Amino acid sequence: MTTDRTSAAPRHTAGALRLVEANTTRPRSVDISDYVRQMTAHCPYLAPSLQQGLTTWTVFRADGDADSVQAELFHAGAQAAEWLRPLLNRPHGLLRCENIVLLGDVPGTRHRDLLAWPHWVLKHLYGPVGVMFGKFYAGEEEVTAAGHRIPAAPASFLPVRAAVRRRDPRFLSATPDLAAVLAAADDDGRDVFEHIPTEWTEIRAWARLLLPPKRQSPSSPDTPANPPRSSS
């Protein structure tokens, strides 16, 4: 049985993200239909996932300062991963994908910076149990590992899905240790928070130790723009 310690951890940041829509296959607050249709050309699992209603979207709107929004994005990502974990070994588990969408603005902070630290932490926490996190930014084109351009997302979001062990490690070339862990991932039901704190500021301090040394920025220790850029 999986354990979600984030549900019990104190959350002074609660309310920094306002829920707009929960776990829907057809969000009304953001038009993703054309984007998703175009993305089926780049992801072999997306079309069958859509056909079976296994790609879902939970939409939030930022309503707090940058640090609090980051903390709540992290919490939402952990909740999504814990919801998915028991489902991934069931029929069609590899087709399940929950997408955490961020709407709204935080003055002085880009969506890129709001998503970077939560994504960095979550992929290191959940990679060993076979859950993959990605990140996409509103209005920004992405480029695949093969150099192919993919369409700009209509909104910023974190996709959460089962890791495909034979192909996903190649998306993690900037973090070879994590790529190796993901390739051998096995969900044994562990509590991924067993050996780390549950408060966001302490979790981020733990995650900073995982940054490649050249990426660290001592002059701005709270800046989340340092994790290696990757759409997955």
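These figures come from a predicted structure and were not determined experimentally.
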Exercise. Would you say the side chain of F193 lies within less than 4.5 Å of the side chain of L125, judging by non-hydrogen atoms?
Worked result: yes

For this session: Please tell me if the side chains of E98 and P159 come closer than 4.5 Å, counting only heavy atoms from C-beta onward.
Result: no

For this session: Check whether any side-chain N or O of D65 sits under 3.5 Å from a backbone N or O of D67 as a donor-acceptor pair, and report yes or no.
Result: yes

Problem set entry | Distance (rounded to the nearest 0.5 Å) between T109 OG1 and L115 CG | 12.0 Å

Exercise. If only atom types and distance count, is the side chain of Q70 paired as donor or acceptor with the main-chain N or O of D113 below 3.5 Å?
Worked result: yes

Exercise. Looking only at heavy atoms, which two atoms of A152 and Y35 are closest? And how far apart?
Worked result: O-CD1, 3.5 Å

Exercise. Which residues satisfy the salt bridge (Lys or Arg N to Asp or Glu O under 4.0 Å) test with R61, sequence neighbours excluded?
Worked result: none

For this session: Kindly indicate whether the side chain of T13, heavy atoms from C-beta on, has any atom under 4.5 Å from the side chain of H75.
Result: no

For this session: State, yes or no, whether a side-chain contact exists between T58 and N99 at a heavy-atom distance under 4.5 Å.
Result: no

For this session: Determine which pairs satisfy salt bridge (charged side-chain N to carboxylate O under 4.0 Å, His left out) with at least one residue from residues 22-33, sequence neighbours left out, and list them in order.
Result: E21-R28

For this session: Consider only side-chain N and O atoms of N23 and T56, and report whether a donor and an acceptor are under 3.5 Å apart.
Result: yes

Exercise. Do the two ring centres, one from F74 and one from W117, sit under 6.0 Å apart?
Worked result: no

Problem set entry | Heavy-atom closest contact (G64 atom, V106 atom, distance) | O-CG2, 3.7 Å

For this session: Go through Y126 and E82 one step at a time and tell me if the side-chain contact (heavy atoms from CB on, under 4.5 Å) criterion holds.
Result: CA-CA 9 Å; Y126 285 97; E82 295 297 337; 2.7 Å; yes

Seminar exercise, completed: Rounded to the nearest 0.5 angstrom, the CZ-CG distance for R110 and D105 is 13.0 Å

Seminar exercise, completed: Smallest heavy-atom separation, Y137 atom then R112 atom, equals CE2-CA, 3.2 Å

For this session: Would you mind telling me which of L102, L103, V69 makes a side-chain contact (heavy atoms from CB on, under 4.5 Å) with H111?
Result: L102

Exercise. Do H42 side-chain atoms and I150 backbone N/O form a donor-acceptor pair below 3.5 Å?
Worked result: no

Exercise. Is any side-chain heavy atom of W83 less than 4.5 Å from a side-chain heavy atom of R96?
Worked result: yes

Problem set entry | Minimum side-chain heavy-atom gap V121-W206 below 4.5 Å | yes

For this session: Any chance you could measure K135, atom NZ, to W120, atom CH2, to the nearest 0.5 Å?
Result: 9.0 Å

Problem set entry | Derivation of the side-chain contact (heavy atoms from CB on, under 4.5 Å) call for C97 and V160 | CA-CA 6 Å; C97 181; V160 191; over 6 Å; no

Seminar exercise, completed: Closest non-hydrogen atoms of T40 and R37, given as atom of the first, atom of the second and distance, are OG1-O, 2.6 Å

For this session: To the nearest 0.5 angstrom, please state how far the CG atom of D63 sits from the CD atom of E72.
Result: 11.0 Å

Problem set entry | Contact summary for W57 and T25, nearest pair of heavy atoms | CD1-O, 4.1 Å

Exercise. Can you find a pair of side-chain heavy atoms, one from L94 and one from L88, that are under 4.5 Å apart?
Worked result: no

Problem set entry | side-chain contact (heavy atoms from CB on, under 4.5 Å) between D34 and Q38, worked out | CA-CA 6 Å; D34 286 345; Q38 294 177 63; 4.2 Å; yes

Problem set entry | Straight-line distance of I196 CD1 to E202 CD, nearest 0.5 Å | 10.0 Å

Exercise. Applying the salt bridge (Lys or Arg N to Asp or Glu O under 4.0 Å) test to R85, which of D188, D191, D187 qualifies?
Worked result: D187

For this session: State, to 0.1 Å, how close V101 and A155 come at their nearest heavy-atom pair, and which atoms those are.
Result: CG1-CB, 3.8 Å

Problem set entry | Separation between CD1 of I100 and OG of S156, rounded to the nearest 0.5 Å | 13.0 Å

Problem set entry | Residue pair F157 / F60, side-chain heavy-atom distance below 4.5 Å | no

